[in-house]
2 protein chains.
Amino acid sequence: MNHVREYRKQKKISQMELAKRIGVARQTINLIENDKYNPSLELCLSLAHVLGTDLNSLFWDGDEQQ
Amino acid sequence: MNHVREYRKQKKISQMELAKRIGVARQTINLIENDKYNPSLELCLSLAHVLGTDLNSLFWDGDEQQ
DNA sequence: AATAAATGTCATATATATTTGACACAATGA
DNA sequence: TCATTGTGTCAAATATATATGACATTTATT
């Protein structure tokens, strides 16, 4: 239940393009977008930077959002 | 360069106590505090919840902090 | 000073994130 | 309709996060 896909589409780039910019495999992006696994912090930080946002916006849901 | 240790000390709990509450090994906490590796997102989320804070406060440093 | 608690660290084992290559199918555009 | 691009997914291999047990050292606490 993260917001990676939304932010990626907002940037109008493909999974492959996003993967290339971050330096991971396309499958990694795909699996993260579909909540199939559990990325490392370093990868989350790269995603946030490349997508022009921050950790909370991508991965922190619910009530206690600041 | 995360802020786990600061928030843990603020809560006045040991690495062992924090590890127990989160359900990981004490070494895992120790290595994260000392930037020896790269926790999973799920673990980061647990840390944020148990420490009463959020992802950005623990792991998002620098300029673009919101 | 002595005892206990907290921390740093090592070595080995296991679970799982991530990679690579490939294929099928959907969507898009020529 | 054909070609292209994007996406979902599978299987096998590799890298690395995490666990377990142990020990040394530092930091309270008495």
Side-chain angles (χ1 to χ4, degrees):
Chain A
M1 299 302 170
N2 63 66
H3 302 138
V4 173
R5 175 165 295 161
E6 302 165 41
Y7 278 87
R8 176 176 61 80
K9 296 225 156 171
Q10 196 174 301
K11 284 256 168 185
K12 297 199 170 102
I13 58 180
S14 65
Q15 293 179 347
M16 188 168 77
E17 176 62 24
L18 178 55
K20 200 176 305 176
R21 291 195 197 174
I22 293 183
V24 297
R26 179 179 66 85
Q27 285 82 338
T28 302
I29 302 296
N30 186 44
L31 290 167
I32 291 169
E33 287 191 352
N34 292 314
D35 274 314
K36 297 294 176 55
Y37 57 58
N38 191 14
S40 67
L41 174 60
E42 199 180 338
L43 178 42
C44 294
L45 290 167
S46 297
L47 281 166
H49 282 119
V50 167
L51 294 176
T53 181
D54 58 272
L55 289 176
N56 280 357
S57 300
L58 280 182
F59 300 108
W60 187 258
D61 31 44
D63 23 330
E64 43 229 308
Q65 180 120 19
Q66 62 184 154
Chain B
M1 298 300 171
N2 62 66
H3 303 137
V4 172
R5 175 165 294 164
E6 302 166 39
Y7 277 86
R8 176 176 61 80
K9 296 225 156 170
Q10 197 173 301
K11 284 255 167 186
K12 296 198 170 104
I13 59 180
S14 65
Q15 293 179 348
M16 188 167 78
E17 176 62 23
L18 178 54
K20 199 177 306 177
R21 291 194 198 175
I22 293 183
V24 296
R26 179 179 65 85
Q27 285 82 339
T28 301
I29 302 295
N30 186 45
L31 291 167
I32 291 169
E33 286 191 352
N34 292 315
D35 274 312
K36 297 290 176 58
Y37 56 57
N38 195 10
S40 67
L41 175 60
E42 198 181 339
L43 179 42
C44 294
L45 290 167
S46 297
L47 281 166
H49 282 119
V50 168
L51 293 176
T53 181
D54 59 273
L55 289 177
N56 279 358
S57 301
L58 280 182
F59 300 108
W60 187 258
D61 31 45
D63 22 332
E64 43 231 308
Q65 181 121 16
Q66 60 184 156

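Side-chain atoms are counted along with the backbone in the values below, which use heavy atoms only and exclude waters and symmetry mates. So you know, we letter chains A, B, ... as the sequences are listed, proteins then strands, and number each from 1.
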Contact letters for nucleotides 21-30 of chain C, in which S counts primed atoms plus P, OP1 and OP2 and B counts the base, heavy atoms under 4.0 Å:
BB--------
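- For D:dA19, the OP1/OP2 oxygens have a side-chain nitrogen or oxygen of B:Thr28 closer than 4.0 Å.
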Check nucleotides 24-30 of chain D against the protein and report each pair of N or O atoms closer than 3.5 Å, with its distance, or say if there are none.
none

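- The side chain of B:Lys9 approaches C:dT7 more closely than any other nucleotide in the set C:dT7, D:dT7, D:dG6.
- Across all strands, A:Leu31 comes closer than 4.0 Å to no nucleic acid atom at all (heavy-atom distances).
- D:dT18 atom P lies 11 Å from atom CD1 of B:Ile22, rounded to whole Å.
- Residue whose closest nucleotide on DNA chain D sits further toward the 5' end, between B:Lys36 and A:Ser14: A:Ser14.
- Tracing side-chain contacts under 4.5 Å through hydrophobic residues (I, L, V, M, F, W, Y), one reaches A:Ile22 starting from B:Leu41; they form part of the same cluster.
- Of the listed nucleotides (C:dT19, D:dT7, C:dT7), C:dT7 has the atom at the smallest distance from the side chain of B:Arg8.
- Minimum interatomic distance between B:Arg5 and B:Asn34 (heavy atoms only, all atoms of both residues): NH2-OD1, 3.5 Å.
- Rounding to whole angstrom units, CD of residue B:Glu42 and C1' of C:dA15 are separated by 13 Å.
- Among C:dT18, D:dG8, D:dT18, the nucleotide with an atom closest to any side-chain atom of A:Asn34 is D:dG8.
- Taking atom CD1 on A:Ile32 and atom C1' on D:dT7, their separation rounds to 15 Å, with Å as the unit.
- In this structure, the side chains of A:Phe59 and B:Cys44 stay at 4.5 Å or more apart for every pair of heavy atoms.
- Atom P of nucleotide C:dT7 and atom CD of B:Glu33 are separated by 7 Å, given to the nearest angstrom.
- A side-chain donor-acceptor contact under 3.5 Å links B:Asp54 to the backbone of B:Asn56.
- In the hydrophobic clustering of ILVMFWY residues, with side-chain heavy atoms under 4.5 Å counting as a link, A:Val4 and A:Met16 come out apart.
- Summarising the geometry, the separation between OH on A:Tyr37 and C1' on D:dT9 is reported as 12 Å, rounded to the nearest angstrom.
- At a threshold of 4.5 Å between non-hydrogen side-chain atoms, the residues B:Arg8 and B:Glu17 do not count as touching.
- In terms of hydrophobic clustering, with Ile, Leu, Val, Met, Phe, Trp and Tyr side chains grouped at heavy-atom distances under 4.5 Å, B:Leu55 and B:Val50 are assigned to a common cluster.
- A:Asn30 places no side-chain N or O within donor-acceptor distance of the main-chain N or O of A:Arg26, the cut-off being under 3.5 Å.
- One axis for each end of the helix from C:dA1-D:dT30 to C:dA30-D:dT1, each built from five base pairs, and the angle between them comes to 60° at 10° resolution.
- At least one side-chain heavy atom of A:Leu47 sits under 4.5 Å from a side-chain heavy atom of A:Ile29.
- The heavy-atom pair separating A:Trp60 from B:Leu45 by the smallest distance is CE3-CD2, 3.5 Å.
- OP1 or OP2 of C:dT7 has not a single side-chain nitrogen or oxygen of B:Asn30 nearer than 4.0 Å.
- One can place CD1 of A:Ile29 at 13 Å from P of C:dT20, the figure rounded to the nearest angstrom.
- In the set C:dG8, C:dT18, D:dT7, C:dT18 carries the atom at the smallest distance from any side-chain atom of A:Leu43.
- Regarding B:Met16, its CE atom lies at a distance of 9 Å from the P atom of C:dT7, rounded to whole Å.
- Close to C:dT16, at under 4.0 Å from its OP1 or OP2, lies no side-chain N or O of A:Asn38.
- At least one side-chain heavy atom of A:Ile13 sits less than 4.5 Å from a side-chain heavy atom of A:Arg21.
- Around CD of A:Glu6, the count of heavy atoms belonging to other residues, nucleotides or ligands within 6.0 Å exceeds 12.
- Regarding contacts with the backbone of C:dA17, every side-chain N or O of B:Ser40 stays at 4.0 angstrom or more from both OP1 and OP2.
- Rounding to whole angstrom units, CD of residue B:Gln15 and P of D:dT20 are separated by 17 Å.
- Taken together through direct or relayed side-chain contacts under 4.5 Å among Ile, Leu, Val, Met, Phe, Trp and Tyr, A:Leu31 and B:Leu43 form parts of separate hydrophobic clusters.
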